[in-house]
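Below is one structure, written out as structure tokens; the observations come after it.
Every heavy atom of this structure was used, including side-chain atoms; hydrogens, water molecules and symmetry mates were not.
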Amino acid sequence: MLTLADVAKSYGTRELFSEVSLFVARTDRYGLVGPNGAGKSTLFNLILCEEQPDEGIIEWERGADFGFLPQESAPVGDESIIQIATSGKKLVPENDDDYDIDWTLEPRAKKILAGLGFREEDHDKQAKSFSGGWVMRAHLARLLVSEPALLLLDEPTNHLDLEALLWFQDYLTRYPGGLLIVSHDREFLNTLCTGILELRGGTLNKYTGNYDDYLNEKDARKEQQAALFKNQQREIAHLQKFVDRFGAKASMASRAKSKEKQIERLKDVAVEEPWEDLKRINFRFPQPPRSGLKVVTLENVQQAYGDHVVYRDLNFEAERGQKIVLVGPNGAGKSTLLKILADVIPIQGGKRELGSNVIPGYFAQNRSENLKLDLTVLENVMELRTAENQLTEQQARAVLGGFLFRKDDVFKKVAVLSGGEKSRLALARLLVNPPNLLLMDEPTTHLDIPSIDALVNALRQYDGTFIFISHDVYFIRQLAKNVLHVHSGRLTPYAGDYDYYLEKSKASNARAALTAGFTDARPKQVSPGAATPSERSNAAGAPRPQEKKLSAGELKKLRTEVGRLEQRVSELEAKQNELTAELEKPETYTQAGRAQHLNRELSSTVDLLHAATAEWEAMATKLTEAEKQSD
């Protein structure tokens with residue numbers, strides 16, 4: 001379908017790559033990886049014919065069509081969401097045939113828009129009334145509806161929440177065409193790719209298998225190359241020693257000359273030393289001041305957006321050194337909880353209290369919330385200078401250098417930075433005044449894989465308290481020591497890592513479990529209308545009025561009511577388990593809107609279960625007291 005033969009591209013004196021050759025068949029599914037600046041986007045531009053190669057040939061099979069999704073969305077006019085989704089034209093390099101009217105186009109578009117998270121009432125709204133991320137989803141729907149023979153996707157998961165990502169990932173597993181994907185999401189690459197193309201050091205290397213297979217094969221190749229390089233260098237050094245020792249002696253001159261020619265032949269066929277990527281984030285968090293044991297406490301917190309109540313009587317406590325990941329359905333309130341803990345939004349009721357010597361630091365999902373767009377990169381760091389840290393420009397530039405902002409890069413305005421550069425700058429700012437309570441919302445978004453590895457290594461050594469949200473299963477598994485499930489305004493803690501959470505929640509899919517609405521234990525929070533622990537304690541300690549002794553008939557009626565409520569609790573628990581099992585099935589996410597419907601139904605069931613449990617407990621307590629009086 002697509003052939004690249006000996007392609008080369010340079011900008012001025014800088015050669016990006018040369019002798020790049022690649023054959024893409026209609027069923028190939030490649031992930032394109034490599035360090036920042038290696039030329040991945042340039043290679044895409046050459047394939048799209050937006051730029052021309054300096055050397056080599058790029059040829060498409062006659063009639064082959066392709067679709068491209070860039071990292072940033074194209075500007076939109078007055079068109080609606082459904083108009084964007086149905087406007088996809090197949091780009092045919094050789095000719096542009098007319099197609100008959102496709103009456104299935106709009107139904108397909110609506111189904112795909114639903115899978116990507118759009119509601120039916122969104123379809124006729126103007127796209128410009130949506131955020132850039134939602135516009136990107138509409139353009140992604142356009143590509144999927146047009147169904148080109150080859151999809152070229154540049155970081156397609158950046159603007160998707162987990163439910164949309166799961167649907168999209170499953171959709172691509174059944175996609176009939178070829179895929180060429182640039183992504184920092186290991187799970188995404190592992191699920192979809194049958195081959196990895198690594199662009200590094202000016203060359204394109206092909207590996208068979210998914211991303212994990214690529215890492216294993218790459219390590220094996222690197223070890224083999226290092227051993228071969230070492231042996232060749234040892235042989236060259238041995239021959240050179242002979243030449244240096246006997247080259248000036250007439251009796252040995254011919255043999256020395258022969259050795260020199262042998263050295264030249266060895267150098268001509270010698271392998272290069274294994275490539276080490278020098279342009280990667282390299283940092284570690286300075287250890288922050290030690291906080292008290294109790295880091296942050298929430299008591300009876302109330303939070304709502306208009307009529308939508310997010311939290312009622314929310315209670316939470318984090319202790320020094322904990323590393324907690326927040327999981328749960330979209331819209332459950334995970335980001336809201338993080339903002340409450342960071343004091344970014346004021347609470348409407350209850351109390352938020354920081355422990356002794358606690359310094360919070362918040363890393364927003366929208367990086368612009370942490371940055372001043374009208375200032376330069378350097379100014380964004382220098383504004384953090386205080387009398388305590390006495391930050392100098394030299395120190396600031398040293399920190400920025402660790403995040404790949406070097407030389408004149410520090411004078412760029414933040415407004416012109418890419419998503420990845422904004423993420424790196426936001427991380428750099430955290431190092432200037434390191435917090436001991438670090439709150440991060442999707443910290444890996446826009447970071448490439450080497451940068452994610454650098455962040456993981458830095459956070460492993462971080463001694464402070466770390467609470468975060470992420471859809472990157474690899475990142476979570478590397479760092480989380482505790483899991484907090486957020487659902488229907490309630491928190492369920494799991495005193496173990498992510499694999500412990502999967503085991504206890506009986507989830508079968510590691511990624512789907514991030515947004516599932518199940519719990520494995522009744523929340524410790526009090527249901528609306530039920531007594532608080534302090535109220536129960538006060539009630540227990542206060543003298544009770546003498547209660548009337550119940551007759552045998554009244555006792556029988558009370559036992560019947562307790563049995564009925566117990567049956568109701570059992571039925572709701574069974575329904576909860578049934579809905580949870582449905583959410584764990586991969587095929588659930590292939591049906592547009594199915595996961596959202598199940599999560600809403602599960603949320604309603606959980607609320608009913610908590611209310612029924614509270615009623616049953618109250619009635620069972622009343623029966624126990626009545627039976628004691630009858631004895």
Side-chain angles (χ1 to χ4, degrees), residues 31-33 35-36 71 133 136 153-170 172 181-193 196 210-212 214-215 280-281 283 285 323-330 332 334-335 338 362-367 418-420 422-424 426-427 430 438-460 462 466-486 494 497-502 505 507 509-516 589:
L32 179 60
V33 302
N36 288 332
Q71 279 196 47
M136 284 294 289
L153 306 172
D154 194 353
E155 297 291 1
T157 65
N158 277 349
H159 301 284
L160 300 180
D161 58 36
L162 264 170
E163 287 181 3
L165 189 154
L166 283 166
W167 178 90
F168 178 52
Q169 180 175 287
D170 184 76
L172 289 183
I181 305 168
V182 175
S183 178
H184 65 261
D185 190 322
R186 295 168 194 250
E187 191 79 9
F188 194 69
L189 294 174
N190 276 334
T191 301
L192 295 171
C193 294
I196 298 292
N210 61 19
Y211 189 80
D212 285 345
Y214 148 74
L215 289 179
R280 65 169 62 190
I281 290 180
F283 76 102
F285 281 103
K323 289 183 168 64
I324 304 171
V325 62
L326 307 182
V327 302
N330 292 323
K334 301 187 295 293
S335 291
L338 214 59
Y362 176 59
F363 190 83
Q365 185 173 6
N366 180 4
R367 306 297 182 245
S418 68
K422 286 175 183 172
S423 291
R424 288 190 268 120
L427 284 171
L430 288 175
L438 184 55
L439 305 153
M440 305 184 91
D441 196 347
E442 298 290 1
T444 63
T445 301
H446 296 297
L447 291 180
D448 60 14
I449 291 175
S451 298
I452 292 172
D453 286 336
L455 181 58
V456 166
N457 290 333
L459 288 170
R460 276 178 179 160
Y462 174 67
F466 179 38
I467 304 175
F468 67 102
I469 301 167
S470 178
H471 66 246
D472 189 325
V473 173
Y474 168 81
F475 186 80
I476 292 170
R477 278 191 159 126
Q478 294 297 310
L479 294 169
K481 301 302 179 188
N482 300 93
V483 177
L484 190 66
H485 189 269
V486 183
Y494 290 78
D497 61 13
Y498 192 66
D499 286 324
Y500 174 85
Y501 161 70
L502 294 177
S505 60
N509 184 309
R511 176 159 255 167
L514 287 171
T515 56
Y589 298 89

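- With 3.5 Å as the limit, one finds no donor-acceptor pair spanning the side chains of Asp185 and Tyr211.
- Rounding to the nearest 0.5 angstrom, the gap separating the CZ atom in Phe168 from the CG atom in Leu160 is 6.5 Å.
- Judged by distance alone, the side chain of Asp212 and the main-chain N or O of Asn190 form no donor-acceptor pair under 3.5 Å.
- More than 12 heavy atoms of other residues, nucleotides or ligands shown are found within 6.0 angstrom of NZ on Lys323.
- Once rounded to the nearest 0.5 Å, the distance linking CG of Leu439 with CG of Leu338 reads 5.0 Å.
- Of the possible donor and acceptor atoms, one in the side chain of Lys334 sits under 3.5 Å from a partner among the backbone N and O of Gly328.
- Summarising the geometry of Ile449 relative to Arg186, their closest heavy-atom pair is CG2-NH2, 3.3 Å, with the distance given to 0.1 Å.
- Not a single donor-acceptor pair under 3.5 Å links the side chain of Asp170 to the backbone N or O of Leu166.
- The side chain to side chain contact (heavy atoms under 4.5 Å, CB included) check on Asp499 picks up Arg477, Asp497, Leu502, with sequence neighbours excluded.
- Side-chain contact between Leu455 and Phe475: present, with at least one pair of heavy atoms (C-beta onward) separated by less than 4.5 Å.
- Here the CD1 atom belonging to Ile467 is positioned 8.5 Å from the CG atom belonging to Leu484, to the nearest 0.5 angstrom.
- Among all heavy-atom pairs drawn from Ser183 and Leu189, the shortest one is O-CD1, 3.6 Å.
- In terms of modelled atom types and a separation under 3.5 Å, the side chain of Glu187 and the main chain of Tyr474 share no donor-acceptor contact.
- Residues Ile181 and Phe188 are in side-chain contact: their nearest non-hydrogen atoms beyond the backbone lie under 4.5 Å apart.
- The shortest heavy-atom contact between Ser335 and Asp441 is OG-OD2, 2.8 Å.
- Taking every heavy atom of both residues into account, Phe363 and Pro443 meet most closely at CE2-CA, 3.6 Å.
- When all heavy atoms are compared, the tightest approach of Ala480 to Val325 is CB-CG1, 3.7 Å.
- Phe466 places a side-chain heavy atom less than 4.5 Å from the side chain of Met440.
- When side chains are defined from C-beta on, Phe468 counts as touching Ile476, because their heavy atoms get closer than 4.5 Å.
- Distance NZ/Lys481 to CD1/Ile324: 13.0 Å, rounded to 0.5 Å.
- Minimum interatomic distance between His184 and Thr444 (heavy atoms only, all atoms of both residues): NE2-O, 3.5 Å.
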